[in-house]
Amino acid sequence: MSNSSLSVLFCFMLSFNNVRAQNVETSGSLMELTPVRGHYKILGAINPKPLSDHETLDKLSFPYDEKFASKVLNEKPHYLRNTSVNDFKIPDPPANSSLQTRAELDYLLVLQTNRSPEDIRSSLYLSNTFLTPSEIGQLIGYWVNPEKLPQTDSLFSNVAEDVNYFLWSLKFKYERVRPYTLEPKIHDLEESRAASYPGGHVTYAYVHAFIYQALAPEFTDYFTKDAYAMAHAREIIGVHYPSDAEASRIFARQIVNMLFQNQNFLTDFQKVKTEWESHEKSSMLLLTKSWGK
């Protein structure tokens, strides 16, 4: 490739990045949740109300550990310090005796019957693997080599403080029992130490997806696909109802929207954008030099 061609290509890539940076300003602002779809939509349309003759069943709740609750809730949010758990508007979980919960349990039993060894392996792997920001950047082609991203790492660490606090608050609020409590035929493949609603792994998957899409909006489909895959993985191994995952998606969209209304978060996010743009430009220069050899 000639030097003139490299110059044209590099200029085009820089122009593309400028357009993308402008789009980030829009994508980072308040965004609406995309409509529910697939089996989440089908199951969510079933009646979530309790059946009148199952009062005992509906009183079942995940055991509340006051000492543990006090410990995790003692770690306060980093950004959303003036936000209350009641500011999040997620639907109540379906009643234990509801037709919707029964349909969800039947769905999990079908998944359990049909899950292959590879389904189990991949679902457990996904449940225990969260990629670093550097790895994400490599996967989408923003840079080639592993990069040190202190601003990005700091932002996600701070966001985790907010997510943890409100996620635990919601779990303690709803105290939904795990699927195996209501259906003994369900053989969950992971020990559950917290209430089911909303799901923690799925919440984090969607929170990360929504923040990454603000950094790289052209990869929105990639990020949301991975979050959706996490939700399905948690269902395959039998630890979550589908409505747990949908509540996680709703909660994640709301908390990320709140973060993008917080000035301290926006200041830190701008530093992250600058960091990503700097590393991506350096990677482009490295590539263009190698093409010119």
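Along the sequence shown, residues are numbered consecutively beginning with 1.
- Judged by the 6.0 Å and 45° rule, Arg176 forms a cation-pi pair with Tyr241.
- Side-chain atoms of Ser282 and Trp143 form no donor-acceptor pair, as typed in the model, at a separation below 3.5 Å.
- Taking CD1 from Ile46 and CZ from Arg102, the interatomic distance works out to 11.5 Å, rounded to the nearest 0.5 Å.
- Ion pairing between Glu190 and Arg234 holds under the 4.0 Å rule for side-chain N and carboxylate O.
- Within a 6.0 Å sphere centred on NZ of Lys76, heavy atoms belonging to other residues, nucleotides or ligands number more than 12.
- Atom-to-atom distance recorded for Ser154:OG and His78:NE2 is 7.0 Å, nearest 0.5 angstrom.
- Taking the six-membered ring for Trp, Phe260 and Phe269 have ring centres closer than 6.0 Å.
- Looking at every heavy atom in both residues, Glu235 comes nearest to Pro242 through OE2-CA, 3.5 Å.
- The shortest non-hydrogen separation linking Leu149 to Trp276 is CD1-NE1, 4.3 Å.
- Side-chain contact between Tyr206 and Val256 is absent, with no heavy-atom pair separated by less than 4.5 Å.
- In this pair, Tyr212 and Phe156 present their aromatic rings tilted. The plane angle is within the 30 to 60° band.
- Both Phe210 and Leu131 are assigned to one and the same hydrophobic cluster, defined by single-linkage of ILVMFWY side chains at heavy-atom distances under 4.5 Å.
- Heavy atoms of other residues, nucleotides or ligands lying less than 6.0 angstrom from CG of Asp221 number more than 12.
- Few gaps surround CD on Gln261; more than 12 heavy atoms of other groups in view lie less than 6.0 Å from it.
- Using a 3.5 Å distance cut-off with no hydrogens or angles, the side chains of Asp268 and Tyr79 do pair a donor with an acceptor.
- For the pair Arg178/Asp188, no side-chain contact is recorded, criterion being any heavy-atom separation below 4.5 Å from C-beta on.
- In plain terms, the two heavy atoms of Phe166 and Val85 that are nearest each other are CE2-N, 3.9 Å.
- Screening residues 142-161 for salt bridge (charged side-chain N to carboxylate O under 4.0 Å, His left out) gives no qualifying pairs among residues at least two apart or on separate chains.
- Ring centers of Tyr107 and His39: under 6.0 Å apart, within the cut-off.
- Ring pair Phe219/Tyr222 is perpendicular by interplanar angle, where above 60° counts as perpendicular and below 30° as parallel.
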Derivation of the side chain to side chain donor-acceptor pair (under 3.5 Å) call for Ser243 and Glu104: CA-CA 8 Å; Ser243 53; Glu104 291 191 295; 2.9 Å; yes

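- Neither side chain, Ser84 nor Asp87, offers a donor N or O lying under 3.5 Å from an acceptor on the other.
- Counting non-hydrogen atoms of other residues, nucleotides and ligands closer than 6.0 Å to CD of Glu118 gives a total above 12.
- Applying the side-chain contact (heavy atoms from CB on, under 4.5 Å) criterion to Leu57, with sequence neighbours excluded, gives His54, Leu60, Asn96, Ser97, Leu182.
- Between Tyr174 and Asp92, the closest side-chain pair of non-hydrogen atoms falls below 4.5 Å.
- A side-chain donor-acceptor contact under 3.5 Å links Asn164 and Tyr204.
- Listed here is the closest heavy atom pair of Ala216 and Phe223: O-CE1, 3.7 Å.
- The hydrophobic clustering, which links ILVMFWY residues whose side-chain heavy atoms are closer than 4.5 Å, places Phe172 and Phe62 apart.
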